[in-house]
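Below you'll find the structure, written out as structure tokens, and then a few comments.
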Amino acid sequence: DTDRERSTDEAVRVILEGMQWLGLDADEGPYYQTHRYDRYRQVLAQMLERGEAYRCYCTKAELEAMREQQLARKEKPRYDGRCRERTEPQPGIEPVIRFKNPLSGPVIVDDQVHGRVVFDNAELDDLIIARSDGNPTYNFCVVVDDMDMGVTHVIRGDDHLNNTPRQMNMLLSLGATPPVYAHVPMILGADGAKLSKRHGAVSVLQYQQEGYLPDALLNYLVRLGWSHGDQEVFSREEMIAAFDIKDVNKAASAFNPEKLLWLNQQHLMRAPVSVLAPALRAHLAALGVLVTDDRLLEGVVNAQRERARTLQDMAQNSLFFFRDFEAFDDKAARKHLTAEAVPLLAALVEGFSALPEWNAGAIHEVINAVALRQGLALGKVAQPLRVAVTGGAVSPPIDITVALLGLEKVRARIKRALGYSSATVANGQT
RNA sequence: GUCCCCGUCGUCCAGCGGUUAGGACACCGCCCUUUCACGGCGGUAACACGGGUUCGAAUCCCGUCGGGGACGCCA
């Protein structure tokens, strides 16, 4: 949080809650770099004293001119170290502090993903480690933190690979042993361009809101740049057991929302009711439905788990279980709630009402018997019934749906459907 | 522009000198089926290009091209 501008309470909260939702917990921390400024200043003073860092009095205009010239000469823009020998303060200028990077020689990064990467010190410049207001910068803070906190492994996106030699130089200068580095490939947007808000670079919490399971998101992400045979679906435990940083690829990968959706469904099919039920309850609540019947909630989870790709879908498609639908789906009603359906629905109500035991098996037999008696295919009876009790043409298996709904609601809804049928008959719309 | 990284189906991965180049998502058929799904079977689809090395290259080397990243008193 060394950047006062961007490090808002909200930004911090989103990170912490996102990690918590994913179940990615930490043994210590979190640590805030703003709380450690005294320590950074102490190291800064020490480096200044030892000549490992120096004050730079260059103005922004001067720096800008330098940059322009270098660009014009087709060179990599970088600070030329002109203040290295300048010892006298410049009046009216608050200096920044720069690290005195070695002028030559190689810096070798033995990266766990990329292998050996060699940089030339001549390519590196003296980076600013403290701003003119005295505040330390990120690249310096992390170095001090890595040293102080005994960090052994740094695993981060490979956009940081270029920072590594500078950080190693500072660590070496401070007499610390650099940690092991592993730079994992970046994730690009679905269009192959850098990930942006447009295509997926949203807060982790947004995936929660959209009805993804944390394990599914983790599963999707872990398979980017990594694999374990032909296995696609991993439980959290399986990921942990199979993963090895050494098996990670070097190439960036594109974010594919379709596959995430598929994986989420796979996890929805496998997850225990104990995790799905509360999650579905929350998504129903977001749609304005407060669930009071836990048995029903669990039944719905099991009935819907393989036909929803997100919990949001599941909630949306399950509304009719918890409250009466406002109107029949037009197309479905016109097709199935016909005059021919009236006697069928009447027979079903009769059959259901006479049932000594209320369960899917018994309900199935009633539907079957009605179809048989009328000489109709099962679908000819099932569809009108489905539209009658759910309002639409899509639902879990009709016997299970009816069983979950209960006799009372089923009777009321069929009665309502009979009203619809006779109304259309009266209007000559059949 | 300079430096660094990367390059197998549209996408995610397998492949580690000899394979009909394999799996998954998506897409297209067919099957299962009371709807929708799930599931099953089959199909379309790739080694960026050019040089080497080798009896033999997707696999090794070089170059080209392409993509990404870094180059900030941001992190």
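Below, read A as the first sequence line, B as the second, and so on, with proteins coming before strands; counting in each chain starts at 1. Only heavy atoms go into these numbers, but all of them, side chains included; no hydrogens, no water, no symmetry mates.
Ion pair A/R116/A/D111 not flagged as a salt bridge, since none of the NZ, NE, NH1 or NH2 atoms sits closer than 4.0 Å to an Asp/Glu carboxylate oxygen.
Here the P atom of nucleotide B/rG23 and the CZ atom of A/F234 are 17 Å apart, to the nearest Å. B/rA14 atom C1' lies 7 Å from atom CG of A/D230, rounded to whole Å. The CH2-C1' distance, from A/W262 to B/rC27, rounds to 16 Å in whole Å. Rounded to a whole Å, the CZ atom of A/F255 is 20 Å from the C1' atom of B/rG67.
When heavy atoms are screened at a 4.0 angstrom cut-off, A/K60 is found touching base atoms of the nucleic acid. Nucleic acid contact for A/L224: sugar-phosphate only, since backbone atoms but no base atoms lie under 4.0 Å from a heavy atom of the residue. Within the 4.0 angstrom heavy-atom criterion, base atoms lie near A/P397. As judged by a 4.0 angstrom heavy-atom cut-off over every strand, A/S253 is placed among residues touching the sugar-phosphate backbone only. The residue A/Q265 sits close only to the backbone: its heavy atoms come under 4.0 Å of sugar-phosphate atoms, none of a base.
Taking 3.5 Å as the limit, the base of B/rG23 and the side chain of A/E232 contain a donor-acceptor pair of atoms between them. A donor-acceptor contact under 3.5 Å is formed by the side chain of A/S132 with the base of B/rC73.
Comparing B/rG23, B/rU11, B/rA70 against the side chain of A/R223 picks out B/rG23 as the nearest. Here the nucleotide nearest the side chain of A/R309, chosen from B/rA26, B/rG23, B/rG1, is B/rA26. Here the nucleotide nearest the side chain of A/L161, chosen from B/rC36, B/rC4, B/rA70, is B/rC4. Checked against B/rU2, B/rC73, B/rA14, the side chain of A/S227 finds its nearest nucleotide in B/rA14. Listed nucleotides: B/rC12, B/rU2, B/rU34. Nearest to the side chain of A/A254: B/rC12. Listed candidates were B/rG39, B/rG72, B/rU34. Nearest to the side chain of A/M269 is B/rG39. Minimum atom distance to the side chain of A/Q266 is reached by B/rG39, of the listed B/rC25, B/rC3, B/rG39. Among B/rU34, B/rC12, B/rU35, the nucleotide with an atom closest to any side-chain atom of A/I398 is B/rU34. For A/N162, whose side chain is taken as the heavy atoms from C-beta onward, the closest listed nucleotide among B/rG1, B/rC4, B/rU34 is B/rC4. Here the nucleotide nearest the side chain of A/N249, chosen from B/rC73, B/rC25, B/rC13, is B/rC13.
Sorted pairs that involve residues 89-98 of chain A and meet side chain to side chain donor-acceptor pair (under 3.5 Å), not counting sequence neighbours, are lacking altogether.
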Across nucleotides 40-45 of chain B, 5' to 3', mark each nucleotide with B, S or - according to how protein heavy atoms within less than 4.0 Å reach it.
------

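For A/Q167 and B/rA70, the shortest distance from a side-chain N or O to OP1 or OP2 is not below 4.0 Å. In this model, the phosphate group of B/rC6 is approached by a side-chain N or O of A/K250 to a distance below 4.0 Å at OP1 or OP2.
For the residue pair A/D215 and A/Y220, no side-chain donor N or O sits within less than 3.5 Å of a side-chain acceptor on the partner.
Within residues 98-117 of chain A, the residues that place at least one heavy atom under 4.0 Å from RNA chain B are, in residue-number order, A/H114, A/V117.
Ring centroid separation for the pair A/Y420 and A/F328 comes in under the 6.0 Å cut-off.
Stacking here means ring centres nearer than 5.5 Å and ring planes tilted less than 30 degrees, and by that measure A/H228 does not stack onto B/rA14.
Of all non-hydrogen atoms in A/R78 and A/M66, the two that sit nearest each other are O-SD, 3.8 Å.
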